[in-house]
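Below you'll find the structure, written out as structure tokens, and then a few comments.
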Protein chains: 2
Amino acid sequence: MPERKPRKDATRNRAAVLAAADDLYARCASPEDVTMADVAAAAGVGKGTLFRAFGDRNGLIRALYQARLEPLGNSVEAGPPPLGPGTPPLERIPAVLDALLCFKLDNRRLALALEGAGGGSPYLAEHYERWHALLRAMVEGIPGFMGGDFTAHALLAATRADLVEHLAGQERVPREQLRADLAEFVRRVLGAGVLPG
Amino acid sequence: MPERKPRKDATRNRAAVLAAADDLYARCASPEDVTMADVAAAAGVGKGTLFRAFGDRNGLIRALYQARLEPLGNSVEAGPPPLGPGTPPLERIPAVLDALLCFKLDNRRLALALEGAGGGSPYLAEHYERWHALLRAMVEGIPGFMGGDFTAHALLAATRADLVEHLAGQERVPREQLRADLAEFVRRVLGAGVLPG
DNA sequence: TTGCGAAGCGGACCCGCGGTCCGTATCTTT
DNA sequence: AAAGATACGGACCGCGGGTCCGCTTCGCAA
């Protein structure tokens, strides 16, 4: 019953804002020098409209991120191997992490903005919860593997947006190098299987 | 020649500010609701004094952190095994990471404040550079181990302050559990030694 | 087509915070 | 004791996120 469909101008403006913000985040050097006023202006919209549509700064960033992330999310939830379900963990985990890394390489500022937002902790954003749950389930699908919860966190931490930004941006580590490094790291973590002792 | 010793009131005020800030950070729920004005007031000092002494917010946080971290830094640089030099990597790396984890458990808000500061990236703070270099050197001291640079980053990422805060604070994971989880993760990463293939 | 309530618009406005400035107070040195 | 250097402190500034409310636009119904 509550579902009233929004007015036409509202949806148009929402789209305009998303587009403008996307653009601004792509251009800017650092996420924090994209101000809400900037976004509103670039979208040809008042600040009131912007805040009405997205609640607050985080809302906007989350909406953007969500939109960008959707294809990847779909691939993981119901796509073909190696990303989709039905792939054995030892193959799927590296694939998912690699995809995540690539995503953050392709959406650096945005990912940075998202993780930097939320009061400083990425761990409250519900999308983190999803990735963590997925990874954890996969890790625990490896026979005899203990400590899946922490391992999932630690693996995700290896693809943190600011780390990616530091390596790819400041240190100029080439994309393929990073992917290879991550892949090897993951292999190490998973490769030992059940530890002796 | 440049070394002019500071005035007495200056050093006294500096100490007062550090003490007050330490206290405030210990009490507060989240680092960002400790304002500079708060610190100044709690120290019984004007804002001008505070900024003169520490430059800016980051300066203050870094100074605090540095002070707290010093003992650990010393232990690592020139202490007895297993933290000090001269310990074989496979023993020293877990020890150092465990010490780091414990430090962040004992100084949660402070560590959080530090990593959240610096324009959003912990990777610019020079103390990160030091830990990374140390870890990297140790990792590369393991015969045949490749990708030490990234591995060092990834291991440090597993002890990120906000992750620690999330697990210990929100999720109420007990301290010993966390230490054990980290230890096992580290063992996994290092345990494989040289990978086949 | 027109009328009319509701939904949405926009930008002036507010507030809190980091950081600066400068007249005044305090220390140190000779 | 006097003078110069150094530090103090809080009024002040600019900026950015978020709110408010009079006005516009939409869309339904007669």
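Below, each value reflects all heavy atoms present in this structure, side chains not excepted, and no hydrogens, waters or symmetry copies. Numbered from 1 within each chain, the chains take letters A, B, ... in sequence-line order.
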Tell me what A:R57 touches on the nucleic acid: a base, only sugar-phosphate, or nothing, going by heavy atoms under 4.0 Å.
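The answer is sugar-phosphate, as A:R57 gets under 4.0 Å only of primed atoms, P, OP1 or OP2.
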For A:T49, which contact category applies under a 4.0 Å heavy-atom criterion: base, sugar-phosphate, or nothing?
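Result for A:T49 = base.
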Starting at the 5' end of DNA chain C and moving along, which residue's nearest nucleotide shows up first, B:K8 or B:A37?
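Of the two residues, B:A37 wins.
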Separation between CZ of B:R14 and CG of B:L50, rounded to the nearest 0.5 Å:
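If I round to the nearest 0.5 Å, the distance is 10.5 Å.
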Tell me: [atom1] of [X] to [atom2] of [N], nearest whole Å?
X: B:N13; N: D:dG10; atom1: CG; atom2: P; answer: 12 Å
X: A:R52; N: C:dC9; atom1: CZ; atom2: P; answer: 7 Å
X: A:E32; N: C:dC17; atom1: CD; atom2: P; answer: 19 Å
X: A:L50; N: C:dG10; atom1: CG; atom2: C1'; answer: 11 Å
X: A:L60; N: D:dG18; atom1: CG; atom2: C1'; answer: 14 Å
X: B:D9; N: D:dG9; atom1: CG; atom2: C1'; answer: 12 Å
X: B:F54; N: D:dA7; atom1: CZ; atom2: C1'; answer: 14 Å
X: A:R14; N: C:dA7; atom1: CZ; atom2: C1'; answer: 16 Å

Counting distance alone, no hydrogens or angles: does the base of C:dT28 have a donor or acceptor under 3.5 Å from a partner atom on the side chain of B:R7?
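Counting by modelled atom types and ignoring angles, no donor-acceptor contact under 3.5 Å is found here.
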Centre-to-centre under 6.0 Å for A:Y25 and A:Y65, is that the case here?
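No, the ring centres sit 6.0 Å or more apart.
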Can we call the ring centroids of A:H153 and A:Y128 under 6.0 Å apart?
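Here the rings of A:Y128 and A:H153 have centres that are less than 6.0 Å from each other.
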Looking at D:dG17, D:dC26, D:dA7, which one has an atom nearest to any side-chain atom of A:M36?
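It is D:dG17.
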Kindly point out which of D:dA7, C:dG19, D:dG17 is positioned nearest to the side chain of B:K47?
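Comparing D:dA7, C:dG19, D:dG17 against the side chain of B:K47, the answer is C:dG19.
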